[in-house]
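All values derive from a computational prediction rather than experimental measurement. Positions are given from 1, in the same order as the sequence printed here.
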Amino acid sequence: MADSEKGTTIATNSGVDHHRTYADNGSAAYRNSPTSPVKTNIGNPGTLGLFSFASTTLILSLYNASARGVNTPNVVVGMALFCGGLVQLLAGMWEFPKGNTFGATAFSSYGAFWLSYATILIPGSGISDAYADVVSQEPNAIGIFLMTWMTVTFLLFIASLRKNIGFIALFFFLTLTFMCLGAGNFVVASSLTPGGALGIITALIAYYVGLSELLASERAAVVGLPIGVFKHD
């Protein structure tokens, strides 16, 4: 190692040693995270994507669970467009130069999901108006939409099985959330409460994993949150 660099090894509670090299000025030459330990000068966008996903999911899930008597989810449109949609899409794009195909695919995909879901709820889009004469078709159409995203989520769940326990739990509960919400739209006069409850659990897991990544990126974090990272040969 060159004399101008100092090697530092930092152990985290996740059970994985994260190696960081610091230049003389104290800045990190590369940053690691529990979910994307790739050498790069780019900051880890994982927390941004996870917090954006968690916040938007939590709001919509509370509406689906009829929290405070709210049943109309249209207030989530702004959140879905900018936080769950645009910010997650950006996080996904920033994962590509980090070499994190899984993170890039997940964040970009769910960014697109929230943008498309918000578009359905915007009156000016004309999507709901198209079902004015066949009202019974709209719930079925939304059900198919949600079941398709359940399929995407299940595929990501399979990919997460060699990542860490945090991601496994996240995509497992998200798969169940989409399944319950999709099935709820297929059944006439059904309640979306089960899907809402599962969505709340999913959001809390995403907050936890996001906070774990945020703390892992700090040089002197007050605490480390384990997410069960698997050791690979």
So do the side chains of [X] and [Y] get within less than 4.5 Å of each other, counting heavy atoms only?
X	Y	result
F107	L50	yes
T202	L170	yes
T47	L211	no
N185	N140	no
S52	W114	no
F51	C83	no
L62	V70	no

Contact summary for [X] and [Y], nearest pair of heavy atoms:
X	Y	value
R162	F230	C-CD1, 3.8 Å
E138	S128	OE2-OG, 3.0 Å
G196	S61	O-CB, 3.3 Å
P226	G224	CD-O, 3.6 Å
V209	F167	CG1-CE2, 3.7 Å

Using atom types as modelled and distance alone, determine if a side-chain donor or acceptor of S212 lies under 3.5 Å from a backbone N or O of L225. yes
Backbone N/O of F157 and side chain of S160: donor-acceptor pair under 3.5 Å: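 Judged by distance alone, yes, a pair lies under 3.5 Å.
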Would E95 and N44 count as a side-chain contact (heavy atoms from CB on, under 4.5 Å) here? Give the steps. CA-CA 8 Å; E95 287 283 12; N44 178 25; 4.2 Å; yes
Separation of [Y] [atom2] from [X] [atom1] (nearest 0.5 Å):
X	Y	atom1	atom2	value
T177	I201	OG1	CD1	7.5 Å
L161	I168	CG	CD1	5.0 Å
Q88	L48	CD	CG	8.5 Å
L121	S116	CG	OG	10.0 Å
N64	C180	CG	SG	11.0 Å
I120	L115	CD1	CG	11.5 Å

I would like to know whether N71 and Y63 meet side-chain contact (heavy atoms from CB on, under 4.5 Å); could you show each step before the answer? CA-CA 6 Å; N71 294 308; Y63 294 160; over 6 Å; no
For the residue pair Y117 and F145, categorise the inter-ring angle as parallel (less than 30°), tilted (30 to 60°) or perpendicular (more than 60°). parallel
Evaluate whether atom CZ of F172 has more than 12 neighbouring non-hydrogen atoms of other residues, nucleotides or ligands under 6.0 angstrom away. no
Are more than 12 heavy atoms, taken from residues, nucleotides or ligands other than Y208, located less than 6.0 Å from that residue's OH atom?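 Atom OH in Y208 is crowded, with more than 12 foreign heavy atoms closer than 6.0 Å.
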With no hydrogens and no angle check, do the side chains of Y207 and S55 hold a donor and an acceptor under 3.5 Å apart? yes
Could you give the side-chain donor-acceptor pairs of residues 147-156 under 3.5 Å, partners two or more places apart or in another chain?
from: T148; atom 1: OG1; to: I144; atom 2: O; distance (Å): 2.9
from: T151; atom 1: OG1; to: M147; atom 2: O; distance (Å): 3.1
from: T153; atom 1: OG1; to: Y110; atom 2: OH; distance (Å): 2.7
from: T153; atom 1: OG1; to: W149; atom 2: O; distance (Å): 2.7

